[in-house]
Enquirer: 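Can you read through this structure? Questions will come right after.
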Amino acid sequence: MKVYKTIKVRDLHDENPIHLFEALLNDHADEGWELHSLVPQIYEGSVDNNVAIFVRDSED
């Protein structure tokens with residue numbers, strides 16, 4: 001069985017947030033999570049935030 005986890009990710013337009021996003025991905029990978037998808041959240045015609053969806057096998 002798979003379990004999912006979602007996290008809101010801030011704007012990824014400049015270099016600093018990209019490094020923070022990479023750190024987030026690496027931290028979750030260390031816990032066994034794999035990035036399933038990144039879904040943009042559109043507000044008034046532009047990306048306001050993104051939702052990262054992670055998946056891993058259930059520990060049950």
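Remember, it's a predicted structure, so these values are computed and weren't measured experimentally.
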Enquirer: Roughly how far, to the nearest 0.5 Å, is CG of Asp57 from CD of Glu34?
Expert: 9.5 Å

Enquirer: Between Asn50 and Gln41, is there a side-chain heavy-atom distance shorter than 4.5 Å?
Expert: no

Enquirer: Are Trp33 and Leu38 connected in the hydrophobic side-chain network, where two residues link if heavy atoms are under 4.5 Å apart?
Expert: yes

Enquirer: Work out which heavy atom in Leu24 is nearest to a heavy atom in Phe54; give both atom names and the distance.
Expert: CD2-CZ, 4.4 Å

Enquirer: If Ile, Leu, Val, Met, Phe, Trp and Tyr residues are connected whenever their side-chain heavy atoms lie under 4.5 Å apart, and connections chain through other members, are Val47 and Val39 in the same group?
Expert: no

Enquirer: Classify the angle between the aromatic ring planes of Tyr4 and His36 as parallel (below 30°), tilted (30 to 60°) or perpendicular (above 60°).
Expert: perpendicular

Enquirer: What distance separates Lys5 NZ from Arg56 CZ, expressed to the nearest 0.5 Å?
Expert: 7.0 Å

Enquirer: When rounded to the nearest 0.5 angstrom, what is the spacing between CG in Asn49 and CD1 in Ile42?
Expert: 10.5 Å

Enquirer: How far apart are the closest heavy atoms of Phe21 and Val9, and which atoms are they?
Expert: CD1-CG1, 3.7 Å

Enquirer: Looking at Glu59, I want to see if its CD is surrounded by more than 12 non-hydrogen atoms of other residues, nucleotides or ligands under 6.0 Å.
Expert: no

Enquirer: Does a side-chain heavy-atom distance below 4.5 Å link Val51 with Ile53?
Expert: yes

